[in-house]
Amino acid sequence: MRNEENTRGRRAVEARIQRRKRARNRQIIRQILLLLAVLVLGIFLGMRISALREKTGQETSMAKSFSKVVTEEPDFEVQLLTPNPYSRPQEALKEIKGIVVHYTANPGTTAQQNHDYFEGLKDAKTTNASSHFIVGLDGEIIQCIPSSEIAYASNERNADTISIECCHPGESGEFTKETYDALVHLTAWLCGKFSLAPGSIIRHYDVTGKNCPRYFVEHEDAWEKFLKDVERYIEQHGTKREEPA
């Protein structure tokens, strides 16, 4: 009889110990979950604050207009694409908020060849693609789409940007000096024509993460230099912007 009582006593003690262990484990799990929740919330808030700061910085940059305007139009040939659903849908470009720089990804091809490719899409019907301007290997410029219409170049930014495709001689995507100089002049002129600010000049990469224009994506310093060269060109060749009355 006494042995049975002792056994029941030990079992009762062991049961209490197990209950305490389970209670401690539940408490530890709750504390871990709470800590994880706090960490996740902290990360989320940090990302939101960073995004807001970045957005504020971009808006501030966008709000700062160039003090001068380049009025000298670069030489370019107007070869508008035939209206068609694949490269010139004739959809109105109601507001221009930026300029997107691209590269053709076809080493050695000319501006005319790339223009003709866009034109041929009306018959090939293989994809949607076009650009407002194409800058060639020798600095020649062809306009394919009026600035009052969208081009199929920059994905979700088609609706509010002007696109510039640039030819390049090699796989690296680096532009010739002639292409580069023409791109600087064209970009500077477009900034004045549409009252765009420094922060309005972006790469296709900045829209979708695509490696385009390749050389400016893989060489961030070259992209920063290009932006500075555009600003320098505006400062050296522009005239003072007229303030609204």
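Along the sequence shown, residues carry numbers from 1. We use all heavy atoms of the structure for the numbers below, so side chains are in, but hydrogens, waters and symmetry mates are not.
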Just distance, no hydrogens or angles: give the donor-acceptor pairs under 3.5 Å from side chains in residues 134-144, sequence neighbours left out.
unit_1, atom_1, unit_2, atom_2, d
E140, OE1, D138, N, 3.0
Q143, NE2, I145, O, 3.1

Atom pair [atom1]/[atom2] of [X] and [Y] - distance to nearest 0.5 Å:
X: I150; Y: L93; atom1: CD1; atom2: CG; result: 8.0 Å
X: E174; Y: T176; atom1: CD; atom2: OG1; result: 9.5 Å
X: H185; Y: F76; atom1: NE2; atom2: CZ; result: 10.0 Å
X: L186; Y: E73; atom1: CG; atom2: CD; result: 9.5 Å

With [X], which residues qualify under side-chain contact (heavy atoms from CB on, under 4.5 Å), at least two apart?
X: N211; result: R214, V217, E218
X: F226; result: V101, Y180, L183, V184, T187, I201, F216, W223, V230
X: P85; result: none

Inset, instruction - Flag yes if F175 and L190 sit in one hydrophobic cluster, no otherwise; membership is Ile, Leu, Val, Met, Phe, Trp, Tyr, and two members link when side-chain heavy atoms are under 4.5 Å apart. - result: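 Yes, because F175 and L190 connect within a single hydrophobic cluster, where side-chain heavy atoms sit under 4.5 Å apart.
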Inset, instruction - Please check if F133 and L81 belong to a single hydrophobic cluster, counting links between Ile, Leu, Val, Met, Phe, Trp and Tyr side chain heavy atoms closer than 4.5 Å. - result: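 Result: no, two separate clusters.
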Inset, instruction - Apply side chain to side chain contact (heavy atoms under 4.5 Å, CB included) to I202 and R157, showing your working. - result: CA-CA 11 Å; I202 61 175; R157 293 302 304 274; 3.8 Å; yes
Legend entry - Trace of the side chain to side chain contact (heavy atoms under 4.5 Å, CB included) decision for E235 with S67: CA-CA 8 Å; E235 185 62 31; S67 60; 3.8 Å; yes
State, to 0.1 Å, how close [X] and [Y] come at their nearest heavy-atom pair, and which atoms those are.
X: A188; Y: Y233; value: CB-CD2, 3.7 Å
X: P83; Y: Q90; value: CB-OE1, 3.3 Å
X: T179; Y: C167; value: CG2-O, 3.7 Å
X: H102; Y: S163; value: NE2-CB, 3.8 Å
X: I162; Y: F194; value: CG1-CE1, 4.3 Å
X: R88; Y: P146; value: NH2-CG, 3.6 Å

Using the test side chain to side chain donor-acceptor pair (under 3.5 Å), find all partners of [X] that sit at least two apart in sequence or belong to another chain.
X: T82; value: E119
X: E224; value: none
X: K177; value: D181
X: K225; value: D229

Please list, chain by chain and in numerical order, all residues satisfying ring pair (Phe, Tyr, Trp, His ring centres under 6.0 Å) with [X], sequence neighbours excluded.
X: Y152; value: none
X: H115; value: none
X: H132; value: none

Legend entry - Hydrophobic cluster of L33, others only, ordered by chain and residue number, side-chain cut-off 4.5 Å: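 Its cluster partners, ordered by chain and number, are I29.
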Inset, instruction - State whether a side-chain donor-acceptor pair under 3.5 Å links N155 with T208. - result: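 Checked: N155/T208 side chains show no N/O donor-acceptor pair below 3.5 Å.
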Legend entry - Test item: side-chain donor near acceptor, N158 and T161, under 3.5 Å: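 There is no such pair between these side chains.
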Inset, instruction - Test W189 against E72 for side chain to side chain contact (heavy atoms under 4.5 Å, CB included), laying out the working first. - result: CA-CA 7 Å; W189 174 69; E72 181 185 356; over 6 Å; no
Inset, instruction - Show your reasoning for whether side chain to side chain contact (heavy atoms under 4.5 Å, CB included) applies to R203 and K210. - result: CA-CA 9 Å; R203 302 161 293 185; K210 182 178 180 179; over 6 Å; no
